[in-house]
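Below is one structure; the comments refer to it alone.
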There are 2 protein chains.
Amino acid sequence: MEKNDALAAFAALSQPTRLDVIRHLIAAGEDGLLAGEIAERLSVRANTLSANLSILLQAGLVSKRREGRSIRYCAELDGLRALIGFLLQDCCGGRPELCQPLIESVGRASAPQNQNVMEGS
Amino acid sequence: MEKNDALAAFAALSQPTRLDVIRHLIAAGEDGLLAGEIAERLSVRANTLSANLSILLQAGLVSKRREGRSIRYCAELDGLRALIGFLLQDCCGGRPELCQPLIESVGRASAPQNQNVMEGS
DNA sequence: CTGTCATTTCCATAATTCATGAATCATGGA
DNA sequence: TCCATGATTCATGAATTATGGAAATGACAG
């Protein structure tokens, strides 16, 4: 990931509505959400949301596809992962031991209660 | 990490000079850099840099301590790690397998010799 | 074709961010 | 104390960003 891509991603994530949007989209899983659904859940006007979605799109953090009259947005996990990778490179570059504890703790934290990595879905 | 902390960190990292600052500080290691050294390396005026450093400080991404007439800044790796954790939580939450490949690739990428983090800045 | 729904685009306004010069603060030396 | 140095604070203007209303686009039904 280039520096400019990272800057765009950081800027996209630095606004409350947009951060909420991607969190909702991630939580929604692969099916994502329709623009209208997002607007209703977050209580933002359609045009405001549209502008924010376009910024997230530009930053490569979401994707969209038309579905009839609606437009479905999905979190672009590759984009998020690239951003995390950018941070990890800077943070851990040359000194992996610095972030190993973090990675392990996330591994634990993200395997909560009702889910078992071992059982296939 | 709270949502507001993450927003502050993203905003802090979304500006070219500030992103350069933390990258230089990380590369500088535990000794960090004096404010004047940073200003000279990045060719930014002292007062502009000071304002940007204060934003990074507020976001918990750097720390400072006085050293005679100068002030030494250091990257706050805990803050960076917290931010990465926030992203990983959102990204991988409930589905660790999504980010495992990323984590492993970073582990590999950060292993080789004394690679230079600064290239491309 | 006409009407409606979902979303986007256009435009104006309000708010925020940013870099700058001037002034100020803090430290250390003469 | 006085002065020089390193850094910060303050006030300003330029630029960017966010938001809302109105209009336009695209898709579908009748």
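Just the heavy atoms: all of them, side chains too, but no hydrogens, waters or symmetry mates, feed the values below. Quantities reported herein were computed from a predicted structural model and do not represent experimental measurements. The chains referred to below are lettered A, B, ... by the order of the sequence lines, with proteins before strands, and numbering in each begins at 1.
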Separation of C:dT8 P from A:I38 CD1 (nearest whole Å): 9 Å
Phosphate-side-chain proximity, B:T48 and C:dT20, N/O vs OP1/OP2 below 4.0 Å: yes
Within 6.0 Å of CD in A:E2, more than 12 heavy atoms from elsewhere: no
Whole-Å distance separating the CG atom of B:L19 from the P atom of C:dC18: 13 Å
Distance in angstrom units between A:L49 CG and C:dT9 P, rounded: 12 Å
Sugar-phosphate only, base, or nothing, as touched by A:I55 at under 4.0 Å among non-hydrogen atoms: sugar-phosphate
Touch class at under 4.0 angstrom, heavy-atom based, for B:A35 against every strand present: sugar-phosphate
Integer-rounded Å distance: C:dA6 C1' and A:I71 CD1: 8 Å
Whole angstrom value for the distance that separates C1' of D:dG26 from CG of A:L34: 16 Å
Residue B:R66, side-chain heavy atoms: nucleotide from C:dT27, D:dT8, C:dT7 that is nearest: C:dT27
Short side-chain N/O contact from A:N52 to OP1 or OP2 of D:dT19, under 4.0 Å: yes
Among D:dT8, D:dG21, D:dC28, the one nearest A:R69 by side-chain distance: D:dC28
N/O (side chain, B:Y73) to phosphate O (OP1/OP2, D:dG6) under 4.0 Å: no
Side-chain N,O (A:Q15) to OP1/OP2 (C:dT17) below 4.0 Å: no
Sugar-phosphate, base or nothing in reach of A:R18, heavy atoms under 4.0 Å: sugar-phosphate
Spacing between B:E67 atom CD and D:dT8 atom P, to the nearest angstrom: 13 Å
Separation of D:dT17 P from A:L56 CG (nearest whole Å): 14 Å
For atom CG of A:L53 and atom C1' of C:dA6, their distance in whole Å: 13 Å
Closest-nucleotide ordering on DNA chain D, the 5'-leading residue of A:T17 and A:G68: A:T17
Charged N-O contact under 4.0 Å between A:R81 and A:D78: yes
A:M1 with A:I55, same ILVMFWY side-chain cluster at under 4.5 Å: no
Sugar-phosphate, base or nothing in reach of A:R45, heavy atoms under 4.0 Å: sugar-phosphate
Short N-O contact, B:D20 and A:K3, less than 4.0 angstrom: yes
Side-chain heavy-atom pair A:I38, A:V44 within 4.5 angstrom cut-off: no
